[in-house]
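Note that the coordinates shown come from a computational prediction; the quantities given were computed from them, not determined experimentally. Both ligands and their constituent atoms are indexed starting at 1 by order of listing.
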Amino acid sequence: MSEYNSVADYEAKAKTLLESSVKGFYQSGAGDEQTLYLNKQAFQRLRIRPRVLRDVSKISLKNSIFSKQVDLPLGIAPSGMQKVAHDDGESGNARAVGSFGGIYIMSTVATTSIEELAQNAPNTRKWFQLYPYATKGISESLIKRAENAGFEALVITVDVPVLGLRRTDAKNKFVLPKTLQLANLVKEKTNGLEIMDGLSNIASNFNAGFNWEDVRRIVRSTKLPVIIKGILTAEDAFLAKANGCRGIIVSNHGGRQLDGVPAAIEALPEIVEAVGHSIEVMMDGGVSQGTDVFRALALGAKMVFVGRASLWGLTVNGQKGVEDVFRIIKNELEVTMALAGCASIGDIRPSMVKWDSGYYSKL
Ligand SMILES: Cc1cc2nc3c(=O)[nH]c(=O)nc-3n(C[C@H](O)[C@H](O)[C@H](O)COP(=O)(O)O)c2cc1C
Ligand SMILES: CCCCCCC(=O)C(=O)O
């Protein structure tokens, strides 16, 4: 029996291993951390309504995204600087999720380059996350490099026009260790400030003027499907669709940007209602167990992504730790589906969950 049988076990162990400013960088949120807290707490308020006496002798986790099959509707959200957790870094994380047939989203601010990752994790389905850069040509170059390296989609993160109010990182003066680099940017002509490595210096290269017209321009210029990450309202979901995006990741950046916004799982229903299944709606934020994945799928997400959960596994045991985290969540999802009467992902319907308020409203 392993020492770890939940993501919480990995989280607890990882926090004993990480140097304190890195631990702060991983675990903290913006402002008072209200949204960070809500991301997890809201899942508890969404009750599962199980059905019984259905044949659950065989459980299938297969789903499709952009008309291609995925073996598991769970992937890894982009997170920067993964070699800070463990030398296996982005490559180990990507290989781990790939071994389960899930999707890996690589961050712009990775410590491994696009080209290296493509070489190190050839069998994993990979999407590239773009932070739009202010200096002309950088975003275009990153997109071309991702296309050439076989990445299958472009994820534009839109909730960081400026860095959120990250008190913990400011207090700890979190910086990228000198032995590591932002590998994708080495070849690009940035303002050079990121060599000072503080988060606000890194973010000072981003384009705070980026808007829907820029999104349209990118949609027209790339052959990759474009996904917008960081949408929390029906209004913006409509705009994403109207501007040619093929997917949305409902996300509040793990509570790290605007504090006070809803939990991602709370925002998901209005977005699914707004765009239906005309584009792919996915989510991340606060997911750490199979019951969370089940709830998000029930509310209409096609894929669910974990951020911190994979970082805890990576910290404890590199690629093997992430594989174990995925094994745990996958098993939890299978058991949840069986106990709720769902043999396939398609059986997980909106009627299988209900907000706690629905149980008290008639009292
Ligand atoms: C340490 C860390 C670094 C992150 N870096 C990025 C990034 O580079 N790009 C991005 O779009 N989101 C980034 N995120 C946000 C994640 O993609 C994701 O939205 C969030 O972690 C989901 O919440 P969870 O950690 O509760 O699963 C980061 C999150 C963490 C915890
Ligand atoms: C926004 C400047 C880089 C921050 C590092 C990655 C990130 O997005 C995060 O949430 O942290």
Side-chain angles (χ1 to χ4, degrees), residues 7 11 14 18 21-30 33 35-43 74-85 89-90 93 104-112 127-133 142 154-166 168-170 174-176 182 184-185 190 193-194 196-208 227-232 249-258 261 263-265 267 282-289 292-293 296 304-315 325 329:
V7 170
E11 176 173 354
L18 291 166
S21 74
V22 179
K23 181 171 79 176
F25 172 59
Y26 282 177
Q27 74 180 3
S28 65
E33 302 189 333
T35 296
L36 175 71
Y37 168 77
L38 271 184
N39 267 355
K40 290 196 84 61
Q41 196 248 2
F43 276 113
L74 182 68
I76 295 185
S79 64
M81 312 176 207
Q82 292 174 6
K83 283 191 184 169
V84 175
E90 287 81 5
N93 229 351
Y104 178 80
I105 310 180
M106 176 189 219
S107 168
T108 293
V109 291
T111 39
T112 305
W127 296 353
F128 180 70
Q129 176 263 320
L130 178 76
Y131 277 130
Y133 272 70
L142 291 169
L154 179 69
V155 177
I156 308 180
T157 295
V158 294
D159 54 13
V160 191
V162 297
L163 192 67
L165 297 168
R166 303 189 184 186
T168 303
D169 295 330
F174 172 75
V175 291
L176 184 65
L182 299 184
N184 286 326
L185 301 165
T190 61
L193 278 176
E194 73 283 347
M196 289 153 74
D197 301 329
L199 296 183
S200 47
N201 288 324
I202 295 170
S204 69
N205 279 290
F206 298 169
N207 180 7
I227 299 163
I228 298 285
K229 174 176 182 280
I231 298 261
L232 291 169
I249 302 183
V250 179
S251 172
N252 53 39
H253 212 103
R256 297 160 77 78
Q257 283 299 107
L258 179 56
V261 299
I265 192 70
M282 301 162 267
M283 70 82 69
D284 71 25
V287 174
S288 64
Q289 50 190 331
D292 300 337
V293 180
V304 176
F305 293 92
V306 290
R308 292 179 182 85
S310 75
L311 293 173
W312 305 136
L314 189 67
T315 301
V325 160
I329 303 179

Under a 4.0 angstrom heavy-atom cut-off, which atoms of ligand 1 come close to [X]?
X    : answer
V109 : 8 (O)
Q129 : 7 (C), 8 (O), 9 (N), 10 (C), 11 (O)
F25  : 1 (C)

query: Of the non-hydrogen atoms in R308 and G254, which two are nearest, and what is the gap between them?
result: NH2-O, 2.9 Å
Shortest non-hydrogen contact between N39 and G255, atoms and distance: ND2-N, 3.9 Å
Have [X] and [Y] got a donor and an acceptor in their side chains that come within less than 3.5 Å?
X    : Y    : result
N184 : T108 : no
T112 : Q82  : no
N252 : D159 : no

Considering [options], which one's heavy-atom position lies nearest to [atom]?
atom                    : options                : answer
atom 22 (C) of ligand 1 : I202, D284, T157       : D284
atom 13 (C) of ligand 1 : S251, P78, S79, G29    : P78
atom 2 (C) of ligand 2  : V109, V162, N205, L199 : L199
atom 12 (N) of ligand 1 : R308, M106, K229, R256 : K229
atom 10 (C) of ligand 1 : W312, Y26, Y131        : Y131
atom 26 (O) of ligand 1 : A309, G80, G254, G286  : G286

- prompt: Is T157 touching ligand 2 with its side chain, its backbone, both, or neither, if touching means heavy atoms under 4.0 Å apart?
  reply: neither
For [atom], grab the closest protein heavy atom and report residue, atom and distance to one decimal in Å.
atom                    : answer
atom 27 (O) of ligand 1 : G307 N, 2.9 Å
atom 8 (O) of ligand 2  : Y131 OH, 2.4 Å
atom 8 (O) of ligand 1  : S107 OG, 2.7 Å
atom 3 (C) of ligand 2  : I202 CG2, 3.8 Å

Qualifying residue, where the test is side chain to side chain contact (heavy atoms under 4.5 Å, CB included) with M282 and the options are V250, I227, V304: I227
Under 4.0 Å from a heavy atom of [X]: give me the atoms of ligand 2 that qualify, with their elements.
X    : result
R166 : 9 (C), 10 (O), 11 (O)
R256 : 9 (C), 10 (O), 11 (O)
F25  : 11 (O)
H253 : 7 (C), 8 (O), 9 (C), 10 (O)
F206 : 1 (C), 2 (C)

query: Do ligand 1 and A77 have nitrogen or oxygen atoms that lie under 3.5 Å from each other?
result: no
message: Tell me whether R166 forms a cation-pi arrangement with F25, defined as NZ or CZ under 6.0 Å from the six-membered ring centre and within 45 degrees of its axis.
response: no
message: Counting C-beta onward and ignoring hydrogens, is there a side-chain heavy-atom pair between S251 and I231 closer than 4.5 Å?
response: no
message: Has D292 got a side-chain atom pairing as donor or acceptor with S288's backbone, closer than 3.5 angstrom?
response: yes
- prompt: Is a side-chain N or O of Y26 found less than 3.5 angstrom from the main chain of A85, in a donor-acceptor match?
  reply: yes
Chi angles and distances behind the side chain to side chain contact (heavy atoms under 4.5 Å, CB included) call for V306, D284: CA-CA 6 Å; V306 290; D284 71 25; over 6 Å; no
query: Using 30° and 60° as the class limits, which term best fits the ring planes of F206 and Y131: parallel, tilted or perpendicular?
result: parallel
